[in-house]
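Shown next, in structure tokens, is the structure this report addresses.
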Amino acid sequence: MELPPRYNFNDVEDKWCKDWEEKNLFHAQANPQKKSYTIVIPPPNVTGILHMGHALNNTLQDIIIRYKRMQGLETLWMPGTDHAGIATQNVVEKQLAKEGKSRQDVGREEFLKRLWEWKNQYGDTIIHQLKKLGSSCDWERTRFTMDEPYSAAVKHAFVSLYKKGLIYQGQYIINWCPRCQTALSDEEAEHQDTQGSLYHIRYPFKDDPKKFVTVATTRPETMLGDTAVAVNPKDKRYKKLIGKTLILPILKREIKIISDEFVDPKFGTGAVKVTPAHDPNDFAMGKRHNLEFINIMYPDARLNKNAGPFAELDRFTARSKVIETLKDSNLLEKMEQHSHAVGHCYRCDTVVEPYLSKQWFVKMAPLAKPAIAAVKKGKIKFTPARWTNVYLNWMENIRDWCISRQIWWGHRIPVWYCSHCPEGKNIIVSETTPNECPHCHSKKLKQDEDVLDTWFSSWLWPFATLGWPQKNKDLEYFYPTASLFTASEIIFFWVARMIMAGYEFMGDLPFSDVYIHGTVRDAQGRKMSKSLGNALDPLEIIKEYGADALRFSLIINSGQDLFISKEKFEIGRNFANKIWNASRLILMNTAIENKAIDLSKDIAYDKLDLPSQWIISRFYSTLSNVEKAVENYRFSEAENLVYEFFWHNFCDWYLEISKNNFTDPVVQKITFAILKQSAQMMHPFMPFVTEELWTHLKSGEETIAQSAWPKVHKKLIHSAIESEMQTLTELIAAIRNTRAAWNVKPHEEVECHLTSSAKKDIDLLRDNGNILKSLAKIKTLHVDSHLTKPADSAAGIVGKIKFFIPLGSFIDLAKEKQRILSQIQEQTKMSEGLTGRLKNKNFLKKAPAEVVGKEKARLASIQTRITELKEAIKNLG
RNA sequence: GGGCGGUUAGCUCAGCUGGUUAGAGCAUCUGACUUACAUUCAGAAGGUCGAGGGUUCGAUCCCUUCACCGCCCACCA
């Protein structure tokens with residue numbers, strides 16, 4: 001076999017990427033003969049470039065998809081990208097800015113043209129990168145949230161919700177990003193703790209300007225929009241003042257003191273300035289008390305004419321000017337340090353402004369109902385389970401969803417206004433562009449300028465990608481999907497909304513399992529980000545270590561949040577190399593004609609020697625445990641299992657033993673069959689190296705990706721065999737250990753005497769003498785049930801087996817004595833502890849008989865061991 | 001302010017219904033060019049399982065208090 005000693009992953013991975021795609025291997029089709037297993041990819045943003053989070057997310061999906069595919073299910077992994085409204089628009093705006101232009105300069109139509117150009121040029125980047133990872137998506141189906149059919153689905157969803165009265169338009173305070181100049185949903189405003197100041201400002205009374213009420217605020221510039229001061233009706237300090245008139249400083253506007261339960265008497269001064277147009281609470285108070293709503297800002301957060309002397313200033317400049325002015329007129333009582341959470345735009349990190357504007361909203365409570373019930377009933381399960389509460393908590397307190405965005409990249413809201421009909425009656429909501437007003441037949445219609453929140457399209461992803469609202473076979477066959485893999489940040493944005501959409505539009509859940517994986521961080525625990533410069537580029541890792549290594553290393557570290565540094569990828573690279581070289585050894589030494597070996601039929605298991613029985617048993621018990629682990633989403637455990645089996649059972653022991661017997665056709669068969677099935681077992685985790693090996697292991701034309709997952713033969717799993725072999729390996733380890741302690745050169749062969757009081761052991765040792773001799777480098781081996789310790793020999797014990805290695809000139813009696821003495825000490829300590837426990841009446845009464853029995857046996861063996869050790873010391877003289 | 005998670009070897013983490021001597025990888029140290037692999041092999045050392053209290057015959061595991069770290073949610077100006 002002409003395999004090179006160093007596994008060349010770059011070439012191999014490129015080759016199979018191409019091959020799989022050319023064969024369109026992962027294309028799924030409705031097939032009533034089989035059960036379906038569907039995953040929809042969390043669509044990365046078209047602007048996205050592959051980062052470690054994607055790598056982890058997609059590896060997880062690929063593992064389970066490949067696993068289920070091999071298990072014979074019709075697996076569909078639906079890929080695609082999200083148009084990512086604001087994010088993408090920002091990218092192209094930056095491009096324009098380099099030419100010194102704004103989007104307004106070029107106009108909507110031209111700007112959209114630019115966006116599409118950008119999308120067509122760069123939008124597939126991340127798709128290509130996902131392929132390099134080995135993702136076995138159905139690439140033929142790749143979707144984009146702004147594809148024509150998908151857009152139709154979005155419109156359909158909007159219109160259908162509108163018809164049910166679940167979508168409404170209204171003037172409310174929303175989160176406004178002054179840089180993006182658009183509304184944001186509550187989820188899109190990220191709260192960051194900020195050290196700010198709490199300003200205490202004096203508002204003088206109209207009828208006694210020397211007296212005043214002091215209010216506290218963190219945003220003093222908003223005072224220019226104040227239309228009242230509120231106090232708690234129960235607050236004794238202010239009770240008498242309710243209804244009095246104050247003079248708003250600077251603008252000299254007369255405002256009233258009102259009372260409202262909302263006010264917390266304990267915070268600040270107990271008196272709150274009320275700015276109904278710039279604060280959500282004040283907005284509510286404004287409605288309750290019929291206050292005036294004064295908007296003091298332009299959409300870019302400069303102050304407008306209503307701000308009087310501060311008009312045209314930026315909000316933060318205005319803030320300091322206001323403070324200065326108040327100081328000058330002695331109306332600033334004090335400034336306190338105050339830390340509070342300030343909302344920031346999740347796309348550009350600008351401080352968001354609570355801003356009064358007309359927006360579209362979705363009424364969420366009715367949608368949440370079935371989505372809550374589904375999770376409570378366990379129809380949808382979160383893994384890890386603790387996310388269930390996070391989800392339920394949010395859903396039970398859900399607020400209406402602001403879905404309109406004042407940007408241009410996205411699905412335009414399917415609403416038209418008739419310029420002839422009166423306000424309020426002029427709205428036309430339609431899936432298709434209307435020609436005329438249905439009421440007055442006017443043709444003067446104008447479409448709503450806004451587009452929909454990106455998430456208003458992605459919440460339809462599990463079914464809109466399958467052709468909804470059209471009814472078709474695919475939708476019927478592949479929906480509901482099976483599992484969804486995502487990070488916790490996305491639960492509210494996407495997962496919760498998909499569940500609601502699933503029930504609302506499909507009448508059924510979108511998926512039954514939600515797997516929430518950890519965040520990938522750097523070695524210091526910081527999030528990976530470009531600006532910090534700590535981001536490891538998965539593509540670089542793929543180049544340097546291989547995609548299999550990237551995948552394997554990420555997953556084996558993925559118990560919770562991952563702390564990743566470059567060296568962590570060595571484990572995967574080394575393992576791939578190990579697999580490669582073990583295969584070389586086997587392929588170089590075996591001549592297998594019929595490559596389809598069924599270990600349960602083609603081998604006389606009962607006649608095999610211990611190591612062969614053992615490796616077969618180990619393989620099937622590992623396989624069975626891997627299945628359990630994957631089914632329960634315990635991926636890192638699954639990888640640990642295959643790693644342990646392949647490296648430390650198969651390579652370290654079985655292959656080492658078999659090396660000497662490779663001429664035996666039975667050993668060849670077994671070795672080959674185990675390698676072949678191991679490759680299959682490891683394929684979901686390391687698709688490339690296993691696919692490459694498969695070309696040498698398979699009998700037909702199929703790829704390993706399409707091959708059938710090996711069947712667990714329970715009859716070939718024997719714990720007795722596994723424990724016998726364990727005795728043997730422990731004995732070998734103990735002999736090696738003793739040799740090392742005495743500085744016996746590794747290749748120097750020694751004499752060894754073995755004995756045991758159990759006949760079983762004697763048989764075991766006699767049957768496997770060759771193995772002992774070769775692996776423990778023993779020249780002459782003496783096995784005897786009655787044996788006295790040879791002079792000048794080092795001794796050791798494994799279970800009931802004692803071994804002696806005559807060391808002649810090597811031996812240092814004092815040192816050996818010391819060794820044995822410390823062993824005696826250790827054993828005595830243990831036996832004392834055990835004796836104490838076995839004398840405890842409560843223990844004997846309450847502990848299960850099984851445990852008591854085990855402890856008794858343990859004590860007995862420790863005691864014999866102690867006497868033996870003592871004897872050994874006597875023999876030393 | 002509410003909620004959740006974490007604290008186990010120098011580092012990163014397993015330890016899945018409480019029960020032998022708490023495991024692995026990396027790093028460290030000793031030794032080995034053994035013809036599959038030095039991305040290797042053979043060994044060693046390293047832990048009062050964050051602290052206190054409780055439940056139990058028995059606690060890394062259950063309860064409780066505390067400390068520190070992290071995350072999420074939140075309209076206290």
Side-chain angles (χ1 to χ4, degrees), chain A residues 1 3 5-7 173 186 191 198 215-219 222 230 262-264 266-269 271-275 279-284 338 340-341 343 354 384 386-387 389-390 393-394 397 399 488-489 491-492 519 521 523 525 545 549 556-565 567-568 570-589 628-629 632 634 636-637 640 643-644 648 651-652 655-656 659 733 736-741 743 745-747 775 777 826-827 830 834 837 840-848 850-852 854-855 857-858 862:
Chain A
M1 203 46 63
L3 305 181
R6 182 56 55 88
Y7 169 47
I173 297 270
D186 293 328
H191 292 271
L198 188 60
V215 298
T217 180
T218 52
R219 294 184 296 147
T222 61
F262 164 79
V263 181
D264 177 1
K266 279 176 254 149
F267 187 89
T269 59
V272 188
K273 62 190 270 311
V274 184
T275 323
D279 181 278
N281 297 313
D282 296 4
F283 176 79
H338 181 69
H340 59 142
R386 70 185 126 93
W387 295 107
N389 281 333
V390 175
N393 222 321
W394 188 75
N397 299 297
R399 294 189 291 165
S488 60
E489 298 102 86
I491 294 177
F492 306 137
T519 310
R521 298 167 183 283
Y545 295 87
I556 204 160
N557 280 299
S558 69
Q560 37 188 56
D561 280 2
L562 297 82
F563 299 82
I564 289 296
S565 54
E567 308 81 63
K568 293 254 162 126
E570 284 172 8
I571 188 173
R573 181 198 59 184
N574 295 358
F575 189 44
N577 191 240
K578 189 73 184 177
I579 296 171
W580 182 255
N581 276 293
S583 310
R584 283 183 69 222
L585 173 72
I586 294 164
L587 293 169
M588 282 190 294
N589 288 288
K628 271 180 226 150
N632 291 306
R634 302 170 71 98
S636 73
E637 182 179 309
N640 268 305
Y643 185 84
E644 171 72 19
H648 297 304
C651 292
D652 286 353
L655 290 184
E656 286 305 320
K659 265 181 183 175
R736 283 170 173 170
N737 179 345
T738 307
R739 292 171 54 109
N743 293 324
K745 296 249 166 64
H747 49 269
L775 294 190
K777 288 277 181 296
E826 203 179 295
Q827 299 289 318
M830 263 196 272
L834 271 176
R837 194 190 299 192
N840 186 322
K841 278 179 196 157
N842 280 323
F843 172 71
L844 296 173
K845 223 187 327 182
K846 296 195 180 168
E850 196 192 336
V851 173
V852 177
K854 271 185 186 172
E855 298 283 62
R858 213 177 116 213
I862 288 173

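All values below come from the heavy atoms of this structure, side chains included, with hydrogens, waters and symmetry mates left out.
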Using only side-chain N and O atoms of [X], determine if any of them is under 4.0 Å from OP1 or OP2 of [N].
{"X": "A:R6", "N": "B:U39", "answer": "yes"}
{"X": "A:H338", "N": "B:A77", "answer": "yes"}
{"X": "A:N574", "N": "B:U40", "answer": "yes"}
{"X": "A:N737", "N": "B:A44", "answer": "yes"}
{"X": "A:H648", "N": "B:G25", "answer": "yes"}
{"X": "A:R399", "N": "B:C75", "answer": "yes"}

How long is the line joining [atom1] of [X] and [atom2] of [N], in whole Å?
{"X": "A:I491", "N": "B:C4", "atom1": "CD1", "atom2": "P", "value": "15 Å"}
{"X": "A:I571", "N": "B:A24", "atom1": "CD1", "atom2": "P", "value": "13 Å"}
{"X": "A:I579", "N": "B:U39", "atom1": "CD1", "atom2": "P", "value": "17 Å"}
{"X": "A:E637", "N": "B:C16", "atom1": "CD", "atom2": "P", "value": "10 Å"}
{"X": "A:N632", "N": "B:U17", "atom1": "CG", "atom2": "P", "value": "12 Å"}
{"X": "A:L655", "N": "B:A36", "atom1": "CG", "atom2": "P", "value": "11 Å"}
{"X": "A:W394", "N": "B:C73", "atom1": "CH2", "atom2": "P", "value": "10 Å"}
{"X": "A:N842", "N": "B:G18", "atom1": "CG", "atom2": "C1'", "value": "17 Å"}

Exercise for the section: Choose from B:A36, B:G43, B:C57 the nucleotide whose nearest atom is closest to any side-chain atom of A:A733. Expected result: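 Of the candidates, B:G43 comes closest.
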Handout entry: Out of B:A77, B:C57, B:A36, whichever nucleotide has its closest atom nearest the side chain of A:E656
Key =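 Shortest atom-to-atom distance from the side chain points to B:A36.
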Looking only at atom [atom1], what distance separates [N] and [M], rounded to whole Å?
{"N": "B:U34", "M": "B:A42", "atom1": "C1'", "answer": "11 Å"}
{"N": "B:C29", "M": "B:C13", "atom1": "C1'", "answer": "23 Å"}
{"N": "B:C76", "M": "B:G3", "atom1": "P", "answer": "16 Å"}
{"N": "B:C49", "M": "B:A22", "atom1": "P", "answer": "11 Å"}
{"N": "B:C4", "M": "B:C63", "atom1": "P", "answer": "12 Å"}
{"N": "B:C66", "M": "B:U28", "atom1": "P", "answer": "42 Å"}
{"N": "B:C61", "M": "B:A14", "atom1": "C1'", "answer": "14 Å"}
{"N": "B:U65", "M": "B:U55", "atom1": "C1'", "answer": "15 Å"}

Exercise for the section: Ignoring hydrogens and angles, tell me if any N or O in the side chain of A:R736 forms a donor-acceptor pair with the backbone of A:L775 under 3.5 Å. Expected result: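 Yes, because the side chain of A:R736 sits within donor-acceptor range (under 3.5 Å) of the backbone of A:L775.
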Handout entry: Gap separating the OH atom of A:Y545 from the CD1 atom of A:I571, nearest 0.5 angstrom
Key =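 Rounded to the nearest 0.5 Å, the OH-CD1 separation comes to 12.5 Å.
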Select base, sugar-phosphate, or nothing to describe what [X] touches, counting heavy atoms under 4.0 Å on all strands.
{"X": "A:F262", "result": "base"}
{"X": "A:P384", "result": "nothing"}
{"X": "A:A576", "result": "nothing"}
{"X": "A:K841", "result": "nothing"}
{"X": "A:R634", "result": "base"}
{"X": "A:E567", "result": "nothing"}
{"X": "A:R736", "result": "sugar-phosphate"}
{"X": "A:K854", "result": "nothing"}

Side chains of [X] and [Y]: closer than 4.5 Å at any heavy-atom pair?
{"X": "A:V272", "Y": "A:V215", "result": "no"}
{"X": "A:T519", "Y": "A:E489", "result": "yes"}
{"X": "A:N632", "Y": "A:E637", "result": "no"}
{"X": "A:W580", "Y": "A:R6", "result": "no"}
{"X": "A:D279", "Y": "A:I173", "result": "no"}
{"X": "A:N581", "Y": "A:Y7", "result": "no"}

Problem - Whichever of A:N589 and A:K568 has its nearest RNA chain B nucleotide further upstream toward 5' - result: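 Final value for this comparison: A:K568.
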Practice task
Counting Watson-Crick and G-U wobble pairs whose two distances are both under 3.5 Å, find the runs of 3 or more in a row that involve RNA chain B.
Solution key: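 Stem list for RNA chain B: B:1-7 with B:67-73, B:10-13 with B:23-26, B:28-32 with B:40-44, B:50-54 with B:62-66.
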Problem - Heavy-atom pair of closest approach, residues A:K273 and A:D282 - result: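 Shortest heavy-atom contact: O-OD2, 3.3 Å.
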Return yes if the base of [N] and the side-chain atoms of [X] contain a donor-acceptor N/O pair under 3.5 Å, otherwise no.
{"X": "A:K578", "N": "B:C37", "result": "yes"}
{"X": "A:N281", "N": "B:C75", "result": "yes"}
{"X": "A:E644", "N": "B:A14", "result": "no"}

Problem - Within 45° cone of A:F843 ring axis and under 6.0 Å: A:R837 NZ or CZ - result: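 A:R837 over A:F843 ring: yes.
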